[in-house]
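In this text, all values refer to a predicted model and were calculated from it rather than measured experimentally.
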Amino acid sequence: MTRRSCLRYQISDKSEEKKVQPFRKQNQFTSRIWPEITMVKKDDHLLFEFPRRLAAFSSAVHGGGFQQVSHFVNWQVPLDYASNDPILLMKQKIIEWEYPLEQTAGLQTAAKIHCASIHEEYGDEFRIVCCVTAGVGNRERAGRKRKSYSAYQCGTINTFLFIDGRLTEAAMINGIITATEAKAAALQDLQIKLESGEFATGTTTDSVVLAASQADYLPTHLFAGTATTIGNTIGCLVYEATCEAVRNQEG
């Protein structure tokens, strides 16, 4: 297949590349740079659907790890949510929604899904759509000793990165690192602190998804750190979406 330039992603008004919290006013959103994605807000969950499977690396409750995924779900659970088996419950919900079980990554969040922030950008042989849902009620600082538990709890800041690009597995992990650093930087700049006065780096139940199209006509990104074009874009999108989602959690 002939290699195509990333110029195919350009749109006439670059100021409109980034859409913020679209589900406040509508239940469906179409990306201007990657319109093949179906993005829908259902009664109790967000659905991101692709016409083909993406190579996904995630900490999803169901379908986590390295998987080939076409459906991505962010399920809003009650604040008092408790389950002895959240993995089984997530599986049951996916079946109830009639999504393909083996092709679905399911996350859980106590944050309001209609306050999800979506930012997108095209760049150096890639285009990226980022979605963040966020709440900071259970904020925490990584590296600080505290009481901990072995049981899984639902996610609070959930980050989705959908990349039309080709990445090595190492670059995908690198992108997760960059996204996590950007989330922590956003919370620091937002002055999100613990009762001790220390800055939070996240919450106790965050989760992340990075999924790539692995288009064979594109060159391969070997790295996704902050010095790379793709890594810098990941960082900026996650930072902006996290800031927007945290600032506007209500309403």
Within the side chain of His62, is there an N or O that forms a donor-acceptor pair under 3.5 Å with the backbone of Leu101? yes
Worked check of side-chain contact (heavy atoms from CB on, under 4.5 Å) between Leu54 and Gln214: CA-CA 7 Å; Leu54 305 187; Gln214 304 295 52; over 6 Å; no
Please test Ser31 against Glu120 for side chain to side chain donor-acceptor pair (under 3.5 Å), starting from the C-alpha separation and ending with a verdict. CA-CA 8 Å; Ser31 167; Glu120 53 185 5; 2.5 Å; yes
Determine, using ring centers only, whether Trp34 and Phe50 are less than 6.0 Å apart. yes
Whether Asp206 and Lys183 form a salt bridge (side-chain N of Lys/Arg under 4.0 Å from carboxylate O of Asp/Glu) is what I want to check. yes
Spatial distance of atom CE (Met39) from atom CD (Glu49) [nearest 0.5 Å]: 12.0 Å
Do Asn27 and Lys42 touch side chain to side chain, with heavy atoms closer than 4.5 Å? no
Phe199 ring centre to Lys193 NZ or CZ under 6.0 Å, with the angle to the axis within 45°? yes
Could you tell me if the ring centre of Phe48 sits under 6.0 Å from that of Phe160? yes
Decide if atom CD of Glu98 counts as having more than 12 heavy atoms of other residues, nucleotides or ligands within a radius under 6.0 Å. no
The single option from Thr159, Thr242, Asn74, Thr156 that satisfies side chain to side chain donor-acceptor pair (under 3.5 Å) with Thr133 is Asn74
What do the steps show when you test Glu244 against His119 for side-chain contact (heavy atoms from CB on, under 4.5 Å), and what is the final call? CA-CA 10 Å; Glu244 189 67 33; His119 288 247; 4.3 Å; yes
Between the side chain of Arg127 and the main-chain N/O of Ile33, is any donor-acceptor distance below 3.5 Å? yes
Distance, nearest 0.5 Å, that separates CD of Gln28 from CZ of Phe23: 8.5 Å
Crowding at OH, Tyr99 (>12 non-hydrogen neighbours, <6.0 Å): yes
Are Ile128 and Met172 linked, directly or through intermediate hydrophobic residues, by side-chain heavy-atom contacts shorter than 4.5 Å (ILVMFWY only)? yes
Does the pair Glu121 and Leu237 meet the rule for a side-chain contact (heavy atoms from CB on, under 4.5 Å), with working shown? CA-CA 8 Å; Glu121 190 171 322; Leu237 292 178; 4.1 Å; yes
Please report the C-alpha distance between His71 and Ile94 in whole Å, then the side-chain angles of each, then the deciding distance to 0.1 Å, and finally whether the side-chain contact (heavy atoms from CB on, under 4.5 Å) criterion is met. CA-CA 10 Å; His71 292 61; Ile94 292 170; over 6 Å; no
Would Ser70 and Gln103 count as a side chain to side chain donor-acceptor pair (under 3.5 Å) here? Give the steps. CA-CA 6 Å; Ser70 60; Gln103 299 179 38; 3.0 Å; yes
When you check the side-chain N and O atoms of Tyr122 and Asp164, is any donor under 3.5 Å from an acceptor? no
Can any side-chain N or O of Gln21 pair as donor or acceptor with the backbone N or O of Cys115 at less than 3.5 Å? yes
In this structure, are over 12 heavy atoms from other groups packed under 6.0 Å from Glu102 atom CD? no
